[in-house]
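Structure first, then comments.
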Amino acid sequence: MTATSPHSPLTPPHTTPPHTAPATAAAAPAPPAPAGAPPAESVPDREAPASALPASGGAAVTAGDPAALHTPVIAWFETNARDLPWRRPDAGAWGVMVSEFMLQQTPVSRVLPVYEQWLARWPRPADLAAEAPGEAVRAWGRLGYPRRALRLHGAAQAITERYDGDVPREHAQLLSLPGIGEYTAAAVASFAYGQRHAVLDTNVRRVFARAVTGVQYPPNATTAAERKLARALLPEDPGTAARWAASSMELGALVCTAKNEGCARCPIAARCAWRLAGKPAHEGPARRGQTYAGTDRQVRGRLLAVLRDAPGPVAQAVLDTVWNEPVQRARALDGLVADGLVEPLDNGLYRLPQG
DNA sequence: TACACGTGGAG
DNA sequence: TCTCCAAGTGT
């Protein structure tokens, strides 16, 4: 049965080549949105257009003409978009949602194999909801941030109970699900249902910071000004808005990256405010580097790795071997239990949560 | 608002 | 080797 949604606004009705490309996935053709595209009814995010944009002086800014940005970026996307499984027409809303959970802070290349296995095992929300949460944590493997697995499982249960097994279409409904915040709600509504939403992820924020605002990097946390700018740049037509969201995101992921600026390959290099300004270096304090070695996170990771790889309950003595500092070790284990990622049994054994 | 939360590849 | 960072969320 059809799992969930209609065709994605991001992919052509064409069938993908049998020998689909792997992680590195070269460019795959992504023709214009199909005519009788997605439903797309709701039109939130309405806001005054150009008003939010910085005053334009020369050719740089896109003030009164956001289309000057939309057209070349979307055209670039048609030719350079990666052929990713969650962008295929048959992915459905559930596929889109699963991919968004997995992609939170995790590279595409590492998500691909886990995504495929996940969807094969749990093709619908109800399938996952019927499993013990520990199975979700186990299948999550080494993607990192395993709480996401727990939340995805919780979201699947909520969808099964409250929405009759179908991924909800409304932004507010999506937002009410565990693990779904502002970004993911907008992404699912836009990518899966073709709605008009400002989809502000780290890629889009960087592209806007450079191309429109003229600075190398966006602020650490998303600001009201960024949201306003994103809404102002949103195309009126829902289908085009969804296309724009995917296109601007892909541009940030493939060309306008954090470490490199592929201006030579950029479709809007000619009007990029940052480039036109001579690419001034980032001002202000350097972003805080996240040290990992020796942190509770590392200990938690080791403890959970043991539980994931064990078929059943594990004795405390075994867990004790992963870290020699007892106080930190105990704190990490307690944290995992408090988070619901680990279930303590009454006989000194621990296991992944059963329900 | 700032910080906790995993993991591994790239430069 | 070591720093940076990858489609964020929750508190």
Side-chain angles (χ1 to χ4, degrees), chain A residues 10 23-24 81-82 84-87 91 95-115 137 140-152 154-155 174-192 197-207 216-224 226 230 242 245-254 256-260 282 285-308 322 328 331-332 334-336 338-341:
Chain A
L10 312 180
T24 51
R82 290 167 292 181
L84 301 170
W86 44 86
R87 286 181 179 162
V96 170
M97 183 175 143
V98 169
S99 76
E100 290 302 336
F101 269 77
M102 294 183 171
L103 289 165
Q104 290 169 6
Q105 302 287 281
T106 304
V108 167
S109 61
R110 285 175 39 213
V111 166
L112 285 169
V114 181
Y115 171 86
V137 173
W140 197 254
R142 306 189 68 80
L143 284 184
Y145 291 144
R147 292 192 293 194
R148 290 180 292 164
L150 224 42
R151 290 172 182 153
L152 179 51
L174 288 163
L175 203 52
S176 76
L177 299 172
I180 292 189
E182 172 124 19
Y183 160 76
T184 303
V188 173
S190 180
F191 302 155
H197 289 281
V199 182
L200 260 191
D201 79 318
T202 189
N203 291 307
V204 174
R205 294 178 62 218
R206 186 174 53 251
V207 169
Q216 185 174 22
Y217 297 120
N220 280 318
T222 305
T223 64
E226 286 182 277
S247 303
S248 52
M249 199 177 302
E250 190 77 338
L251 184 63
L254 299 182
C256 193
T257 65
K259 292 190 174 183
N260 304 294
H282 177 68
R287 357 273 275 273
R288 40 184 320 96
Q290 40 180 170
T291 51
Y292 178 66
T295 63
D296 285 7
R297 283 158 74 183
Q298 182 180 27
V299 184
R300 288 166 55 107
R302 289 194 183 182
L303 289 169
L304 207 54
V306 172
L307 276 306
R308 267 199 318 263
V322 309
Q328 186 178 26
R331 185 174 63 230
D334 286 348
L336 288 171
D339 289 346
L341 283 164

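Naming convention: chains lettered A, B, ... in sequence-line order (proteins, then strands); numbering from 1 in each chain. Atom set for the values below is all heavy atoms of this structure, side chains included, hydrogens, waters and symmetry mates excluded.
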With sugar-phosphate meaning primed atoms plus P, OP1 and OP2, does Thr106(A) contact a base, only sugar-phosphate, or nothing at under 4.0 Å between heavy atoms?
base
Kindly determine whether Gln104(A) and Tyr145(A) satisfy side-chain contact (heavy atoms from CB on, under 4.5 Å), including the steps that lead there.
CA-CA 9 Å; Gln104(A) 290 169 6; Tyr145(A) 291 144; over 6 Å; no
Given the C1' atoms of dA7(C) and dA2(B), what is the spacing between them in whole Å?
22 Å
Distances for protein N/O vs nucleotides 8-11 of chain B N/O pairs under 3.5 angstrom?
| from | atom 1 | to | atom 2 | distance (Å) |
| --- | --- | --- | --- | --- |
| dG8(B) | OP1 | Arg142(A) | NE | 2.4 |
| dG8(B) | OP2 | Arg142(A) | NH2 | 3.4 |

Pairing residues for Arg151(A) by the side chain to side chain contact (heavy atoms under 4.5 Å, CB included) criterion, not counting sequence neighbours:
Phe101(A), Arg147(A), Pro178(A)
Give one of base, sugar-phosphate or nothing for Ala258(A), where a contact means two heavy atoms less than 4.0 Å apart.
sugar-phosphate
When the distance from CZ of Arg205(A) to P of dA6(C) is rounded to whole Å, what number comes out?
11 Å
Mapping Leu177(A) and Ala253(A) onto DNA chain C by nearest heavy atom, which one lands closer to the 5' end?
Ala253(A)
Among Thr202(A), Asn203(A), Val204(A), exactly one meets side chain to side chain contact (heavy atoms under 4.5 Å, CB included) together with Leu200(A). Which residue is that?
Val204(A)
Protein-nucleotide distance (Ile180(A), atom CD1; dA7(C), atom P), rounded to Å:
19 Å
Is there a side-chain contact between Arg110(A) and Arg142(A) (heavy atoms, below 4.5 Å)?
no
Have a look at Tyr292(A) and say if it touches a base, only the backbone sugar-phosphate, or nothing, with a 4.0 Å heavy-atom cut-off.
base
Any side-chain heavy-atom pair of Leu84(A) and Tyr115(A) under 4.5 Å
no
Write down the distance between CG (Asp201(A)) and P (dC5(C)), rounded to a whole number of angstrom.
15 Å
Checking all strands, does Gly144(A) fall into the base, sugar-phosphate, or nothing category for heavy-atom contacts under 4.0 angstrom?
base
5'-most contact on DNA chain B (nearest-nucleotide basis), Leu336(A) vs Ala221(A), goes to Ala221(A)
Euclidean distance, atom CG of residue Asn220(A) to atom C1' of dC3(B) [Å, nearest integer]
12 Å
NA contact type, Arg308(A), heavy-atom cut-off 4.0 Å: base, sugar-phosphate, or nothing?
sugar-phosphate
What is the distance from CG of Leu341(A) to P of dG10(C), rounded to the nearest Å?
14 Å
What is the separation between atom CH2 on Trp140(A) and atom C1' on dT9(C), rounded to the nearest whole Å?
12 Å
Quick check: do Ile180(A) and Met97(A) have side-chain heavy atoms less than 4.5 Å from each other?
yes
From the list dC5(C), dA7(C), dA4(B), which nucleotide is the closest neighbour of the side chain of Arg297(A)?
dA4(B)
The criterion is salt bridge (Lys or Arg N to Asp or Glu O under 4.0 Å); which residues satisfy it with Glu250(A), sequence neighbours excluded?
Arg82(A), Arg87(A)
Nearest to the side chain of Arg148(A), which nucleotide is it out of dA7(C), dG6(B), dT9(C)?
dG6(B)
Under 4.0 angstrom, heavy atoms only, what part of the nucleic acid is Thr184(A) near: base, sugar-phosphate, or nothing?
sugar-phosphate
In whole angstroms, the gap separating C1' of dT9(C) from CG of Asp339(A) amounts to 13 Å
Please report the distance, rounded to the nearest Å, between CZ in Arg206(A) and P in dC4(C).
16 Å
Closest to the 5' end of DNA chain C, once Pro178(A) and Leu103(A) are matched to their nearest nucleotides, is Leu103(A)
Would you say dA6(C) has OP1 or OP2 under 4.0 Å from some side-chain N or O of Gln105(A)?
no
Residue pair Tyr183(A) / Glu100(A), side-chain donor-acceptor N/O under 3.5 Å
yes
Scan Glu182(A) against the nucleic acid and name what it touches under 4.0 Å (heavy atoms): base, sugar-phosphate only, or nothing.
sugar-phosphate
When we call it a touch if two heavy atoms are under 4.0 Å apart, what does Leu304(A) touch: a base, just sugar-phosphate, or nothing?
nothing
